[in-house]
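So the structure is just underneath, and the comments pick up after that.
Predicted, not measured: the structure shown is a model, and the values here were computed from it.
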Amino acid sequence: MAPSFIFPQTLEALEGDRDSSDDDSHLTVQTLTPLSSLSPADLEEFVKGVSFDLSDKELFSIEEQHIFDRVYSLVKAFSSLPPACKFNLTDSLRSNLSVLLPNVGSLLRRASLNRSGNEEIEGSDDEENKESSVGDRVASHRNAFKIYTFFLVHIALIEEASSNCNLIHPSKVAVSSRKKQLVNSWNWELQRGRVLNLIANSLEINLSSLFGSSDPDENYLSFIVKNALSMFENSALLKHSDSKDALCRIVGTCATKYHYVAQACASILHLIHKYDYVVIPLADAVSVAEKKYSDGSLATSLVREVGRTNPKDYVKDTVGAENVGRFLVEVADRMPKLISTNIGLLVPHFGGESYKIRNALVGVLGKLVIKAFNDVEGEISSKSIRLRTKQAMLEILLERCRDVSAYTRSRVLQVWAELCEENSVSIGLWNEVVAVATGRLEDKSAIVRKSALNLLIMMLQHNPFGPQLRAASFSATLEQYRKKLLGLETKGQPENDLDRIPSDNENSCGDGEVENEVNEDITKKHNDSLPDSLLSEEGLDCRDNCVPDFGNLEQTRTLVASLEAGLRFSNFLSAIMPTLVQLMSSSSATDVENTILLLMRCRQFQIDGSEDCLRKMLPLVFSLDKSIYEAVENAFITIYIRKNPIESAKNLINLAVDSNIGDLAALESIVGALVSKGDITSAMISALWDFFCFNINGTKAEQSRGALSILCMAAKSFSGVLSAHLQDIVDIGFGRWAKVDPLLARTACIALQRLSDEDRKRLLSSNGGRLFDILESLINGPGLSDKMWYAAAEKAISTIYVIHPTPETIAAGLVKRSLSSVFRNSQTQEMQNDIDTIDCSIITTVPAKGLSRYLFVASHVAMNQLVYIESSVREIQKERRKKDNIGVESVRSTTKETSTDTQKDSGINAELGVAPSEDAVIDSLSERAEKEIICGGSTEKNLIGQCAPFLSKLCRNFNLMRKYPELQASGMLALCQFMIIDADFCAANLQLLFTVVEGSPSDTVRSNCTIALGDLAVRFPNLLEPWTENMYTRLRDRSATVRKNAVLVLSHLILNDMMKVKGYINEMTICLEDEDERISSLAKLFFNELSKKGANPIYNLLPDILGRLSSQNLKEEAFCNIMHFLIGSIKKDKQMESLVEKLCNRFSGVSDGKQWEYISYCLSQLTFTEKSMRRLIESFKTYEHVLSNGTVMDHFRNIINKAKKFAKPELKSCIEEFEEKINRFHIEKRDQEATAQNAQAHQEKVDSLEGIVAAKRDEDSVESDIAEEGTDGEVTDMSTSDMTELSGTRSEEVKSESISASGVTEPELDDDEIQSPCIPSRGAPNSRVKKSSVQAKNGAISTSSRGATRSR
């Protein structure tokens, strides 16, 4: 019998010490064949000999020493063998093992029968010999089984290592030609699958009987599991399903069937931590083991090991945490019930710092809720336990929506979306989830907002309440069923049944799953059986007797609870519409896209307010972000276009009728794009014409106007849209329907302006005279109201200038007739001759309304004349360029000599400056024509020029303007338009304009003047430059409309480089905190766009803005918000580093503590890098004196805390030293300031005491003087002695207090020191002598008395 085979640690360990006697107990290599010395032919013969021996002899001949040695030699050099030799050897070993496996099974069964027979017949020698022979054969089969397994596994390992090396160094593979590869039949991928499947099958036999113990040999299992798991490290191997499945079977069988759990668990977790691509295959292995053997010990052990891991370890190993989390989710998906029983081991990790583990646990809970509680079998008690467990998991998911990490919050919302998609959320819990989702719409993180929007979309799509969620429908139906319920309860039901009406809280209890099923069934019946009238607003007045009967009392109660939940759901969604409008203006494209999708879904389910919100998405068509534009366009097509032509036309008409100016501009842009792409078809265009021409029954005048508006928009992209209906535009647009809807005439004017040149000519030739008569009557006629007249007259004047060949002639008639209508009773001819001499009192004799209209007509004619001149100049230049191109072609066709002479002559003339310049002539004529419109400063008179002086005088009469605000609006608008036309007139009236814009009580006038200032700044920048500060002043106007227009005007001028960003920009920053949200949004948009220009001007402006805002009376919160926003727009690290130095230097220039706090706050808002942190530390001298301020210190501590998060070890030590340094300085400076404050307070007290004593002395002196003056010179004052005693007493008191407080004894004063020379005098001098004694004493003790004063 051959020695037993023991699995060595490595393949080479089989060689061992060949001379050692210990090797006799087990099989080792005795003779190693040097294959490198063999020729290819000899090597091939050698391999064939080995294969022949293996196939010809018995299966366990492998344990014969000479065969074992030769096979070992081949396996050791397997990587260098030719492909044919590899194939022969592998095939021989694999074939023998595959034949050995059934033989082992039959042998084990025979051995088992022999043992059972021996138990009945004992003592027979033949039976003992037979038993021993069977035992020997079992041992031989066991040996052969081990050897075959060992060599096949090592062949797989060697070949995998070789293939990996070829992948890393592909050039080595190129040595063998394609022809050789085709000749050789070696395909390792196919062979690998066969080998690994054979190893997996070998584990299926009864190895415990083969190895003679309950479990196989420990070395065998260790060898198999270790090498199988090592193959998991090869990502290429796992892509082949046969090999991957075989490895999963090997690992699962060893761990589960043969109880090799502990070692396998450790190795699996090591792989999971290290490689991300092994997560799914290992999850498959664990799942296969549990399903095959109905034993989840491997999965349980893995979960237990993950639960035992310290949560702090996952903070350090982020890759491992992510892989472990993915593995848990995959296992929970495959084995939900098993994981649900062990989830308590993982819950403590919710308190860990690793958000990736928390994300995974959230995903695990989601999988468990969906899959672990679906079975309906079992006892009632087990059902209630499962429901309570599920409810606990759902509560954890609700709680995790407020997680500190945005990634976890986002993941929780995604899980809730999955639960809604799988219908795993009960009706009782539905509104709680909606409340959480709507709250997360205002989350600071974009990924959380995106997940919240997707969750709401999913909840709408899978809601259990029905396809229509209008609150009115639900309210009406709910009220009817409440009456029905009340009737059922009063028909004999016990009173205590009222207690069982489900409340809001009960709907979310643990039994919500069963209730959910009942509610869904009843809700489905409710939606199917209720008539459509109950689901529409037209049927809200349905009688009670039309309510379908759903059965008994309990079912009706359940339905009422379901309707209440549906109503709350609808109200929740209606309440978030303002938030969704805000999200559409978000800087994040994902916010905008998902908000549009949610609004489309809300509109589909008829949520209140969704239609209005969707219209607010139209301005987003101007977004430069392509994804946002495409989202708006797709939503527009889905909602308004992709229907039959009449419905599409009606949708577009409703949009045009109800939209404001901004929405109309956006609608025009998107309609033009859709016409160009063909999404708006000819059938839709025909339907629009039918609406305009009233060919569809029930068409209203405003619908006709809306149809014409859409057609005008389409004509901008394709002018042929209007060609076939020119007569309809004139007849209907200016006909009787224009009186019903005056704006129809205005829209018809726009349509006429959009005509092509051919259509204009055709219209003028056929209907020109009538058309212009209509336009003149529209301007000068009395038919329209004031509000409608201005809008219609403006477009009519523009239309005349667009389509008339000589518009100035007809415009002159318009102005004259308008003037005549105003001054009809006031000697019109004289006023036309010399209107500038008329006193403004003439206004009392003419109607203000007529004068306002005249000024409007005159100013708009003047403005259109200016535009007409410019367009004419462009046409002339265009024609000249065409002629020049023709001339160039003709020059090229002439002879070379002539061309050369001509070029020389023209070149000489150009150098001498005598060449005629057509451009100069055209520019001169253009300037002259523009000058003649107003004729400012000229003695000549013209039609519009006569109005200009009168208008200037009129606008300067402020008393008159206040009396007629409408006249002031028209007058100032006309004045501004005249100023835009003529520079001299502008310069003469600029002071007047700014006076009005600052002092006018009318918001409309100030707003119009503010807009006009922007136009003037574009046309005459040099004239407006000195008034820049006054323009910024409009940002502080009391009217929100004026402030909004000022922001728009200044934004336009600055962003288009028409105005320099000067020191007044701080006024714009204050608008960031304006009480009007729109103004605040416009200011933020301005600074966002400004930050994109060049090198970000905000970086250069920031220090100046900081200084100006600090000196203004601004709330601290507003200042912080402004600076936080501005600093956030600076992204470059170099600019941040420079700002650190600039802000630190500002500490030296200010002494106000409030400004110190502001500067330090700005520092704390910067994004610090390693360089900027070092600059901050190096600039310590500039701010060390401000560290005594507590708020400043808080900001510096904030900077240090942020820096510690990214600092490397070297920088971190510097930061810690810096922190200690500023803390030390803070304490020292604080103590110094406290000492100085105490000293100052003491000095103030001493000064006040001395002032009291001095005041008392002055009082005594005055009293003495009065006494002296009131007595005779020889009579002594009776109060002198008393005062002397009083002074002496006070002096002694002060002296004693001084001595007791300071501990210093003052020398006693002699009489000589306090007496004056003896001079004959009267009583009064004696009094002065005694008073001087008191003064001397007070002077002597003044120093020591300070201590006594402090003690008091």
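Judged purely by distance below 3.5 Å, without hydrogens or angles, the side chains of Asp1015 and Gln977 never pair a donor atom with an acceptor atom. Side-chain contact, Arg956 with Asn989: a donor N or O sits under 3.5 Å from an acceptor N or O. For the 3.5 Å distance criterion, the side chains of Tyr801 and Gln865 qualify, holding a donor opposite an acceptor. In this structure, a donor-acceptor pair under 3.5 Å is present between the side chains of Gln753 and Thr799. In this structure, a donor-acceptor pair under 3.5 Å is present between the side chains of Asn1045 and Ser1007.
With respect to the salt-bridge test (charged N to carboxylate O, under 4.0 angstrom), the residues Glu966 and Lys849 do not qualify. The pair Lys1093-Glu1089 fails the salt-bridge criterion, with no side-chain N (NZ, NE, NH1 or NH2) lying under 4.0 Å from an Asp/Glu carboxylate O. Ion pair Asp1074/Lys1044 not flagged as a salt bridge, since none of the NZ, NE, NH1 or NH2 atoms sits closer than 4.0 Å to an Asp/Glu carboxylate oxygen. Contact check on Asp1037 versus Arg1034 returns a salt bridge, with a Lys/Arg side-chain nitrogen under 4.0 Å from an Asp/Glu carboxylate oxygen.
Val996 is listed as a side-chain neighbour of Gln968, based on a closest heavy-atom distance under 4.5 Å. In this structure, the side chains of Glu1073 and Lys1115 stay at 4.5 Å or more apart for every pair of heavy atoms. Between Val592 and Leu620 there is a side-chain heavy-atom pair separated by less than 4.5 Å. Leu1035 has its side chain out of reach of Ile1070: every pair of non-hydrogen atoms, C-beta onward, lies at least 4.5 Å apart.
A side-chain donor-acceptor contact under 3.5 Å links Ser872 to the backbone of Tyr868. Checked by atom type and distance alone, the side chain of His860 pairs as donor or acceptor with a backbone atom of Phe856 at under 3.5 Å. Counting only distance, with no hydrogens or angles, the side chain of Asn1096 and the backbone of Ile1098 share a donor-acceptor pair below 3.5 Å. Distance alone, capped at 3.5 Å, is enough to place a donor-acceptor pair between the Ser777 side chain and the Ile774 backbone. In terms of modelled atom types and a separation under 3.5 Å, the side chain of Thr1028 and the main chain of Glu1025 share a donor-acceptor contact. Distance alone, capped at 3.5 Å, is enough to place a donor-acceptor pair between the Tyr1161 side chain and the Cys1120 backbone. Checked by atom type and distance alone, the side chain of Arg1006 pairs as donor or acceptor with a backbone atom of Ser1000 at under 3.5 Å. In this structure a side-chain-to-backbone donor-acceptor pair under 3.5 Å is present from Thr747 to Leu743. Side chain of Glu927 to main chain of Ser924: no donor-acceptor pair is present (N/O by atom type, distance under 3.5 Å, no hydrogens or angles). Put simply, the side chain of Arg754 never gets that close to the backbone of Ala715: no donor and acceptor are under 3.5 Å apart.
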Salt bridge (Lys or Arg N to Asp or Glu O under 4.0 Å) between Asp984 and Lys931, intermediate numbers included: CA-CA 9 Å; Asp984 295 335; Lys931 195 74 174 176; 2.5 Å; yes
Under the side-chain contact (heavy atoms from CB on, under 4.5 Å) criterion, do Ser818 and Ile779 qualify, and how do the steps go? CA-CA 9 Å; Ser818 178; Ile779 298 170; over 6 Å; no
If you apply the rule side-chain contact (heavy atoms from CB on, under 4.5 Å), what do you find for Asn1008 with Met972, and how did you get there? CA-CA 8 Å; Asn1008 290 341; Met972 288 306 302; over 6 Å; no
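From Ile869, atom CD1 reaches atom CG of Asn864 across 11.0 Å, with rounding to the nearest 0.5 Å. From Phe978, atom CZ reaches atom CG of Leu973 across 10.0 Å, with rounding to the nearest 0.5 Å. Taking SG from Cys1009 and CD from Glu998, the interatomic distance works out to 11.0 Å, rounded to the nearest 0.5 Å.
Aromatic ring orientation, Phe1125 versus Phe1087: perpendicular (interplanar angle above 60°, classes split at 30° and 60°).
Between Val1049 and Gly1014, the closest heavy-atom pair is CG1-CA, 3.4 Å.
Around CZ of Arg928, the count of heavy atoms belonging to other residues, nucleotides or ligands within 6.0 Å does not exceed 12.
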